[in-house]
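What follows is one structure encoded as structure tokens, with my remarks underneath.
So you know, we letter chains A, B, ... as the sequences are listed, proteins then strands, and number each from 1.
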Amino acid sequence: MSDSDEVALAKLPDQSNGLKDENEEAPLALIKASPKKRKSNGSANGEPKKKRKKTTKTKVKAEKVEDVPMTEVANGSQGSQDVKDVKDTATPKPEDSEDGDDYKWWEDDKFGEGPERWQTLVHNGVIFPPPYEPLPSYVKLYYDQEPVDLPPAAEEVAGFFGAMLETDHAKNPVFQKNFFEDFLQVLEESGGCNVEILEFEKCDFSKMYAYFEKVREEKKNMSKQEKKRIKDERDALEEPYRTCLLNGRKENVGNFKVEPPGLFRGRGAHPKTGKLKKRVYPEDITLNLAADAPIPPAPEGHSWGEVRHDKSVVWLAMWKENISDSFKYVKLAANSSIKGISDMKKFETARRLKDHIERIRADYRKMLKDQFMQNRQIATATYLIDVFALRAGGEKGDDEADTVGCCSLRYEHVTLKPPSTVIFDFLGKDSIRFYQEVEVDRQVFKNLRIFKKEPKQPGDDLFDRISPSTLNKHLQGYMKGLTAKVFRTYNASKTMQDQMDLIENEGTVSEKVMRYNAANRTVAILCNHQRTVTKGHQGSVERIQEKIKEMEWQKIRMKRMILQLDPSEKKKKPKYFEEIDDLTKEDLMMIVHRLIEKQKEQAQKKWTRDNEKRKAEKQELLGEDDLQEKLDKIEETKKEYETEVETENPEVPKGSTVAKLQSQIEKLENRILNTSFQLKDKEDNSEVSLGTSKMNYIDPRLTVMFSKKFNVPIEKLFTKTLRDKFNWAIESADENWRF
DNA sequence: TACTGGACTTAGAACTTCCCTC
DNA sequence: GAGGGAAGTTCTAAGTCCAGTA
């Protein structure tokens, strides 16, 4: 079909394109088979949504304490009973060790099956953040130049802002407005203050900020022993909460600390950013543990909101947060059996997709021309999810940042450039921009044009007949457990496998690591995993480049020295000496001058530092002449180098031999090679975040296979945390494993 | 059957520790 | 051994998806 045919086709009504609509009378943008709106958090009449509760679970309702004072909750008096105590009374000892360390759940084929996620669960509850400590009386908020005497509750909130004064958040007007509203409310509720505070602009938080900076600086400058003492104390306090007993085995708990109060740091343009995240009290917390497990004591004067014994879930504690009325959970750590099992299941589901993917692709290609609009949308969405790794894209409320995924793409997010180029430009999860100009299947292009057809306009949904739920229902028809997100896992791991297949088993370990990272990067780019370029990035790239230049210069110098010792070497190994003329005189001069400048700077710095030290030790200070002497020496070296550049004859150090110089050159060459790899990696990775795909999308058994097949220590590919998380993969995959 | 609460995974930012250079 | 940047870890926001309910 020619391009003009396509344009003509697009102008025809839907049916003449062979496309039927289930609701044929109304234009597309006006009919909604399942009308989609941006969800709002209230009901239609503006009342809050009705809350539901599970009825089938065993519950022990604890006494509700009204109006808990802000300062009373801390763990000092809590948790007198630690895991060691509880496990003696509550859980039968398994026949082998209690330590999860030598238990290999992945070798136990029945483990993790059935609706019950655990049999016994014993834990010590959660740690609460320390109570608020009022600021010293001289640290105040100023309003219109006046010092303000704030009640502690309001001072705490003002302090949250003061501590963030120099961040981007604090400069965001929405953040400021939300903070200020909540601050005023807390101020009113806590009894007001000596000044009438009306305008945010008149608030001066600088004294507070300066105080927090001072405290931070003091903390930084604490002695090593002092820092260690504090850490040891903290570790001892946290120890009982770090682990729990799951099915009689000791396992690590992940986030056992209740989130402290603060200002909500929403990502992107979040309408609620800056709002006060309230302090969580024991009364807000629901614990989940075995029915026969001892209930950990709540902090003194408090009681738990509720205690459940729900084996169908894996959380140990939860509470409701006040920003978006959703739940926060305390769960097991990433290296726990429960997390490992669901991780392995996730990758196994993705692997099963291998057996279905061809049929699915053939089907959606056919379905792209389906007579029903909904089917065309399903097919087109599946294509986008499969080919460009888009997320499903659920509905979002007006009280959230405006971000989208596939099913929630709107008119303005997709630009069509005939014959088949599509520009995607939208904010995805975490308000990370997705921008791609891509070639698509002709029929996909045609469909997108239909989905954008009048009367649709900016603001309208592109996929108005489907939602992640309908799409997933369709996918389940192909394979149990298949949902939109499985495609991301599948395509990420498949890409990694394919990239690894291209890597030759040769070169040094660092070369192999670099190739592994390059493969990892391909996956990260596919999944659009980005990171903000660090402040010092450009500078550090330049420094590495200079370092390489300097090393190359040194190498050339040494080769010239060899020729001075034995000129016949050049005839013996002409190739080896080829590079001695690689750098022009200007290049060499530039390197020399940079090196000299650096040396001068360092001398100056050292002189200042030494004097500061002497001053502190009450010793006689070094004079200006001392510094000048050093600078003069450097100046002499400079002259020597300059002469050397002119004559091309570096001075040969005493005791040098051809063999010694050759060995030094070899070492230097290795350093240059390694530094160049390092530089390349750094540049390629500046805007791409490799960690997310490594942690969530790439089947860890691929990395283990790579490590074993290419003899790269796993430590070079997985950090300690990842090795713990993926222990199941490390122990179960070999060099022949395939995704 | 549609809706949404609830439970879970995925994500980048922020913070801490480690390691290299001087 | 101090300073600074990179690597690693923690924190918590922001997604996905399913099951229970009206």
Side-chain angles (χ1 to χ4, degrees), chain A residues 34-35 39 41 43 49-56 115 117 164 167-169 216 220-221 224 227 231 254-255 257 259-260 262 264-268 270 272-273 277 288 310 312-315 318 320-321 323-329 331 333-334 338-339 342-343 346 391-397 400-401 403-405 407-408 428-432 467-473 475-476 481 483-486 488-489 527-532 534-537 539-540 543-544 547 598-599 601-603 605-606 609 612-613 678 682 685 689 691-693 695-697 718-722 724:
Chain A
S34 54
K39 198 169 69 180
N41 246 12
S43 65
K49 274 183 275 178
K50 224 166 116 190
K51 287 156 202 161
R52 277 198 320 235
K53 268 194 176 158
K54 281 194 174 164
T55 52
T56 51
R117 310 288 301 271
M164 295 173 74
T167 65
D168 289 346
H169 286 296
R216 201 212 302 253
K220 214 174 90 184
N221 294 333
K224 240 182 176 169
K227 279 183 191 163
K231 186 178 182 299
N255 53 331
K257 289 180 188 163
E259 289 174 20
F264 174 67
R265 297 165 184 223
R267 311 241 169 102
H270 198 299
K272 291 192 173 179
T273 192
K277 223 175 84 164
N288 190 35
D310 186 351
S312 71
V313 294
V314 298
W315 50 265
M318 70 144 175
K320 199 163 211 179
E321 50 92 42
I323 301 293
S324 50
D325 221 22
S326 63
F327 295 111
K328 298 276 190 175
Y329 299 92
K331 289 185 283 183
I338 280 191
K339 291 275 190 186
S342 49
D343 231 22
K346 173 185 79 183
R391 296 188 182 82
E395 291 172 49
K396 293 198 73 184
E400 296 171 275
T403 62
V404 297
C407 295
S408 48
K429 183 178 178 181
D430 292 313
S431 296
I432 297 291
S467 67
S469 154
T470 48
L471 183 63
N472 285 338
K473 230 169 257 169
L475 294 172
Q476 308 271 341
T483 60
K485 85 191 260 288
V486 177
R488 264 169 86 82
T489 315
C527 295
N528 199 39
H529 291 145
Q530 299 182 18
R531 61 172 184 174
T532 40
T534 51
K535 270 184 223 154
H537 175 75
S540 76
R543 276 195 297 279
I544 297 175
K547 206 165 95 183
K598 218 158 76 183
Q599 286 183 4
E601 259 174 50
Q602 279 162 3
K605 270 189 195 162
K606 187 171 185 313
R609 211 167 46 225
E612 275 167 9
K613 204 171 158 190
Q678 198 193 337
K682 197 184 179 68
N685 281 343
S689 161
T692 307
S693 50
M695 170 126 93
N696 300 301
Y697 288 103
F718 280 159
T719 63
K720 172 85 176 67
T721 316
L722 281 184
D724 285 348

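In the set B/dA11, B/dC8, C/dT12, B/dC8 carries the atom at the smallest distance from any side-chain atom of A/Val313. Candidate nucleotides C/dA13, B/dA7, C/dT16 were compared by shortest atom distance to the side chain of A/Arg391, and C/dT16 ranks first. Listed candidates were C/dT9, B/dC8, C/dT16. Nearest to the side chain of A/Lys331 is B/dC8.
Looking at heavy-atom distances under 4.0 Å, A/Lys227 makes no contact with the nucleic acid at all. Looking at heavy-atom distances under 4.0 Å, A/Gly428 makes contact with sugar-phosphate atoms alone, never a base. Within the nucleic acid shown, A/Pro115 has no heavy atom closer than 4.0 Å to any nucleic acid atom.
Taking 4.0 angstrom as the limit, A/His529 places none of its side-chain polar atoms (N or O) nearer than this to OP1 or OP2 of B/dG12. Here A/Ser469 does not reach the OP1 or OP2 of B/dA2: none of its side-chain N or O atoms lies under 4.0 Å away. In this structure, A/Thr721 does not reach the C/dG8 phosphate: none of its side-chain N or O atoms is under 4.0 Å from OP1 or OP2. Here A/Thr692 reaches the OP1 or OP2 of B/dG12: one of its side-chain N or O atoms lies under 4.0 Å away. Applying the 4.0 Å criterion to OP1 and OP2 of B/dT1, one finds that A/Lys473 has every side-chain N and O outside that range. Within the structure, a side-chain polar atom (N or O) of A/Lys485 is placed less than 4.0 Å from OP1 or OP2 of B/dT10.
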Distances under 3.5 Å between protein N/O atoms and the N/O atoms of nucleotides 13-18 of chain B, please, pair by pair.
| residue | atom | partner | partner atom | Å |
| --- | --- | --- | --- | --- |
| B/dA13 | OP2 | A/Thr532 | OG1 | 3.4 |

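Comparing A/Tyr329 and A/Asn528 along DNA chain B, the residue whose closest nucleotide (by nearest heavy atom) sits nearer the 5' end is A/Tyr329.
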